[in-house]
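Just below is one structure, and these are the notes that go with it.
Whatever order the structure lists them in is the order used to number ligands and atoms, beginning at 1.
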Amino acid sequence: MPKHIFVTGGVVSALGKGIASASIGYLLESRGLSVTLQKCDPYLNVDPGTMSPFQHGEVFVTDDGAETDLDLGHYERFVGKQLSQDNNVTAGQIYEAVISKERRGDYLGGTVQVIPHVTNEIKERISKVAEDGGVDVLITEIGGTVGDIESLPFLEAIRQMRLDRGKENVLFIHLTLVPYIKTAGELKTKPTQHSVRALRDIGIQPDILVCRTERPLTDDLKRKIALFCNVEMGEVIDARDVPSIYEVPLRFHEDGLDEIVLEKLNIKTGPADLSRMEAVVERVTSPSREVSIAICGKYIDLQDSYKSITEAFAHAGVENDARVNLVWVDVEEIERAKDASGALEGCHGVLVPGGFGERGIEGKIESAGYARREAVPYFGICLGLHCAVIEFARNACGLTTAHSTEFDPDTAYPVIDLLPEQKSVVNMGGTMRLGGYDCHVVEGTKAHEIYGENEVRERHRHRYEYNNEFRSTLESSGLVSSGIHVDADLVEIVEITDHPWFVCCQFHPEFRSRPGVAHPLFREFVKAALAHKSGEEPGSSGHRSDGADGPLEHAAGSKVDGRARG
Ligand code: GLN
């Protein structure tokens, strides 16, 4: 029977429950267990696909085409398993399923209630992932904070699961905050006590407390928390702030978290092999070079919107022995100035990421133009490909009014146009071209050199696409089509040969990048930016940095905190 670990959170949101859950997954996997993770989100949206990135941060796309919470990105980056749509359950999905069963008459005249109908639906979804996945352990994170009205049915469901399956098979881990109060010069345990009490009120006694803290938890504090929260001292884990999220599992291990989880679940394994993460952490924390990359997007105030991109740069930095400083550029400013040189000066590479909507679009197009003209490495992802194609059509092919029909439906040169199957779509939720599709990489191109493979599979999330009607015009002016989804003859990668590094993809490679195994496109883009910085041709090895860099807004490889949502 698969074992279950439930992770809940208390006191405040943004404690890093997703990273904590992923770290526990990594630790168990490093002991040879097969592990998967699942997130239960208490909101009523069916999935986060229709939510603004300002509200919810990035939408992480699974290979099977589900639009999911960004925590699934952390899970995939920390453990080896590929996740699917079943790994993200929302209250919206639960209620939708219960109500359609009721309409079908499945409840045989019964009164449909939160307990047992909603809770049973939740329990079924949790069991399904554990059993279908054939894993040893399923870690299920319950979104939100204990005390929220919306999460109550989920907490009730997991309370029942412990009764159904027994203590040896179900473990409760509660993540709390132990704040440092400056005026008192002390760490305070009261919020943790209150949060555990709130959990006990609904029938859940946590087995292990993971305490987020700015300062080390002393034994005295651990003893106090243990006493008031009805656990043993060894069951109170010190989760102090660390410079890199990839250090979190190492910190947990130091404090004995994996040992205690295994003991409580009565699982015997060999010792943990943490070498992969140790190597990553060593290189994240002390790189010998640095480079600045401009991210030209419109969600720059909430960097959670670009979580996987930020992490992919951290991975690429590790493999290039470089700190990648991400410079968040406001594209509306470029648009107003009609010039990108001021904003992008001092950056060694330019990335235009995915995005939706017209605001700032001319600023993004100009960023691509600046990179093309100035021979600065350029990486376009999804909308970033659209912008580069539009810019190239306007300024290298003379199609001066070229545009995407997303922004100008009546343009004379629709170089980016709605996919045929998108033309009849009415509902917004879950209807884009989503998930993994095969891409043939054309031999002799830069993309082929980067991938070193003829066939790759990458994840998508878009409605608009390179318009094949303009392919010969664009190609004859030097925009090479280097990746093709053969079945539907869709251009998936374009590049400019007469440029040090100008590569754009219709898909989102950031979803497949992993610590220790950076995505080749990110790895090579960072390498090209380092070469640009030192004035070399990409491909030859760069010099050590003298440390005199441009603005250092944000180093890739986010800190544990920094989540700004509930
Ligand atoms: N808005 C564009 C589209 O729908 C690009 C989407 C994206 O960048 N993810 O095709």
* Asked: Are E311 and Y246 linked by a side-chain donor-acceptor pair shorter than 3.5 Å?
  ->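 Yes, a side-chain donor-acceptor pair sits under 3.5 Å.
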* Would you say the side chains of S308 and R77 form a donor-acceptor pair under 3.5 Å? ->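 The answer is yes; a qualifying pair exists.
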* **Gap between atom OH of Y75 and atom CD1 of I139 - 0.5 Å precision** =>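 I139 CD1 to Y75 OH: 9.0 Å, rounded to 0.5 Å.
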* Looking at residues at least two apart in the chain, or sitting in another chain, which of them share a salt bridge (charged side-chain N to carboxylate O under 4.0 Å, His left out) with D498? ->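 Per chain and number, D498 pairs via salt bridge (charged side-chain N to carboxylate O under 4.0 Å, His left out) with no residue.
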* Under the salt bridge (charged side-chain N to carboxylate O under 4.0 Å, His left out) test, which residues partner D408, sequence neighbours left out? ->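 For D408 there are no salt bridge (charged side-chain N to carboxylate O under 4.0 Å, His left out) partners, ignoring immediate neighbours.
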Within the structure, does [X] bring an N/O atom to less than 3.5 angstrom of an N/O atom in ligand 1?
X    : value
G355 : yes
M432 : no
H462 : no

Got the closest protein heavy atom to [atom], with its distance?
atom                    : result
atom 3 (C) of ligand 1  : R463 N, 3.5 Å
atom 7 (C) of ligand 1  : C382 SG, 2.9 Å
atom 10 (O) of ligand 1 : Y464 N, 2.8 Å

* At a 4.0 Å cut-off, with the gap strictly under it, does some heavy atom of H386 reach an atom of ligand 1? ->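 Heavy atoms of H386 do come under 4.0 Å of ligand 1.
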* Begin with the C-alpha distance, continue with both residues' side-chain angles, and end with the deciding distance and a verdict on side chain to side chain donor-acceptor pair (under 3.5 Å) for N45 and H56. => CA-CA 11 Å; N45 301 62; H56 192 268; over 6 Å; no
* Which option, Q422, E406, R461, H508, owns the non-hydrogen atom nearest atom 1 (N) of ligand 1? ->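 Comparing heavy atoms across Q422, E406, R461, H508, the nearest one to atom 1 (N) of ligand 1 lies in E406.
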